[in-house]
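Structure record follows, encoded as structure tokens.
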Amino acid sequence: MRIGIIGTGIVGVSTAGWLQRDGHEVVFVDPREAGEACSFGNAGSISPTAVLPVAMPGMWKKVPKWLLDPDGPLVIRTQYLPTVLPWLMRFLRHSSEAEVTRIAGAMRGLLAPVFDAYTPLLQRAGAMSMVRRNGCLYVYSSREMAKKWAWGANLRRGLGIEMQELEGDALFELEPDLRGSFGFGQYAPENGSTPDPSALVKAIYAQAIKDGAEHVRHEAWGFDMKDSQVEAIRLATGEALPVDGVVVAAGAWSARLARQLGTRVPLESQRGYHVTVENPGVTLNRNVMAVEQNIMVNPMAMGLRLAGTVELAGLTPPPNYDRARSLLKVGGTMFPKMRTEKYTEWMGHRPCMPDSMPVIGAPARVENAWLGFGHGHVGMCGGATTGRELANLISGRAPEIDLTPFRPDRFRTLLGG
């Protein structure tokens, strides 16, 4: 079949690679180059342990304080609050202990096979160097402070995730430059990262092109339908692109297209920022998640990347780079010797669902369309597995993981349709 894939981020290119292994033809539809947007600016984490949702038990108590702190982890632009408030209410409904436990179990199923899902794609692309499998560290100022997050750590352990506790010199043997700001850590050996997420995506994409994929560099505007099937993707130019099937993997821009396929989803952009410091004078060997600061730090090919924060403001307003500079400010307290003379700033749109789980599956009323988006903070962690599972569905095979928690219609009652 000739499958149109709308989106050239990690989900889109992974889906293409897996589809080509089954002999399908692929045509990408995206005005951007591959590996841009969130596939460019994310924290580079490839972590099977990143199973906890954004909304955690008791979070609602912290939100007012965060909103009053200009350097805090959450900002909501005042004019956007009426628009985003219903989404926020749904988001908080998923923060109970029972819901978080359910979500973490589902996400473990999606994320656990991430390296198995990446390996065939990266091997074919000659890009295995784009993945590091040397674990990650969750770090805290002290063991006592870590106890505030013990419920989540224990939930991870209950799902079979190894979390080795390190304190003092044992921690600094792994990461000497953590000395002075952090005294306790949990080492997750199962995890990994990429030194360049954009290059990883571009490598898989380039191989897909070598293997015969096309790339139509226009925006997908809609679909031509006949008898519950997509016959063509309607481009913003007005042209029709004939296809035998379509995959919507357009990240934060997916909701409008999904709606045209009969599926309404509460998709929101959690605008994320990063700073990447060139020649920081700080050496890290692996991903480090500073839990108290809610900042992930990754040593990358282009420098030390500090990523985090959430801004709710929608898709259209310009970035507020004060958010990026606040990451730099907090990073300076974490690494007092860090040199910040030269750095870059970035903002991107994380596609987020209220339950912190992606949409993976087929619309109920369309026979040859499939959806794969909404991965939020774990796109690099779950993108390759999502691509594999979409290829399984398209090729008529049973999924290798339980996709029920990610079904596209799970919000139907909430949305009244």
Side-chain angles (χ1 to χ4, degrees), residues 5-12 28-43 54 63 66-67 70-91 197-198 201 216-223 233-238 248-261 263-275 307-327 344-354 356 358-359 371-377 379 411 414-415:
I5 299 179
I6 302 173
T8 53
I10 187 57
V11 177
F28 294 109
V29 180
D30 195 330
R32 305 175 188 83
E33 294 298 320
E36 301 301 324
C38 277
S39 289
F40 169 84
N42 63 79
V54 178
V63 170
W66 288 344
L67 294 178
D71 297 325
L74 172 64
V75 163
I76 304 175
R77 294 199 188 181
T78 304
Q79 61 270 33
Y80 194 63
L81 183 57
T83 300
V84 79
L85 188 58
W87 187 93
L88 280 171
M89 298 306 294
R90 295 176 189 138
F91 172 79
S198 181
V201 174
V216 175
R217 288 174 168 80
H218 294 294
E219 184 178 359
W221 201 248
F223 307 99
I233 299 171
R234 183 64 60 174
L235 304 177
T237 60
V248 177
W253 293 270
S254 298
R256 175 179 58 82
L257 295 169
R259 187 164 57 249
Q260 293 185 49
L261 296 170
T263 298
R264 298 176 63 204
V265 292
L267 183 67
E268 182 57 57
S269 166
Q270 288 189 10
R271 295 153 61 107
Y273 291 82
H274 83 221
V275 290
T309 79
V310 168
E311 180 188 43
L312 297 173
L315 290 169
T316 54
N320 172 15
Y321 283 119
D322 286 344
R323 298 294 292 155
R325 288 184 283 274
S326 65
L327 287 170
T344 58
E345 305 168 334
W346 174 89
M347 187 280 289
H349 295 280
R350 301 188 194 99
C352 293
M353 306 297 290
S356 297
V359 167
L371 310 176
F373 56 81
H375 291 72
H377 297 246
F411 292 100
L414 273 175
L415 294 170

Are any non-hydrogen side-chain atoms of H377 and C352 less than 4.5 angstrom apart? yes
Report yes if the side chains of F373 and V248 come closer than 4.5 Å at any heavy-atom pair, otherwise no. yes
If you measure from CZ on R271 to CG on L312, what distance do you get to the nearest 0.5 Å? 9.5 Å
Should M353 and L267 count as side-chain neighbours, where that means a heavy-atom distance under 4.5 Å? yes
Can you give me the closest heavy-atom contact between A34 and V201, atom names plus distance? C-CG1, 4.5 Å
Looking at every non-hydrogen atom in both residues, tell me the closest pair between R323 and V310 and how far apart they are. NH2-O, 3.7 Å
Output, in order, the C-alpha distance, side-chain angles, deciding distance and verdict of side chain to side chain contact (heavy atoms under 4.5 Å, CB included) for L261 and L371. CA-CA 10 Å; L261 296 170; L371 310 176; 4.1 Å; yes
So which heavy atom on W87 is nearest to which on P266, and how close? NE1-O, 3.0 Å
What I'd like to find out is whether the side chain of N320 reaches to under 4.5 Å of the side chain of R77, using heavy atoms alone. yes
Answer yes or no: is there an ion pair linking R256 with E219, defined by an N-O contact shorter than 4.0 Å? yes
Only counting residues at least two apart or in another chain, list the ones meeting ring pair (Phe, Tyr, Trp, His ring centres under 6.0 Å) with F28. Y205
Smallest heavy-atom separation, A250 atom then L257 atom, equals CB-CD1, 4.5 Å
Should the ring pair F40 and W346 be called parallel, tilted or perpendicular, given that the plane angle runs from 0 to 90° and is split at 30 and 60? tilted
Check whether any side-chain heavy atom of T309 lies under 4.5 Å from a side-chain heavy atom of V75, and answer yes or no. no
Nearest-0.5 Å distance, CG of residue L74 to CD1 of residue I76: 5.0 Å
Quick check: do R217 and E33 have side-chain heavy atoms less than 4.5 Å from each other? yes
One should read off an interatomic distance between I233 CD1 and I6 CD1, to the nearest 0.5 angstrom, of 4.5 Å
Euclidean distance, M347 CE relative to S269 OG, rounded to 0.5 Å: 7.0 Å
What residues, two or more places apart in sequence or in another chain, satisfy ring pair (Phe, Tyr, Trp, His ring centres under 6.0 Å) together with F223? none
Under a 4.5 Å cut-off applied to non-hydrogen side-chain atoms, are E345 and Y273 in contact? no
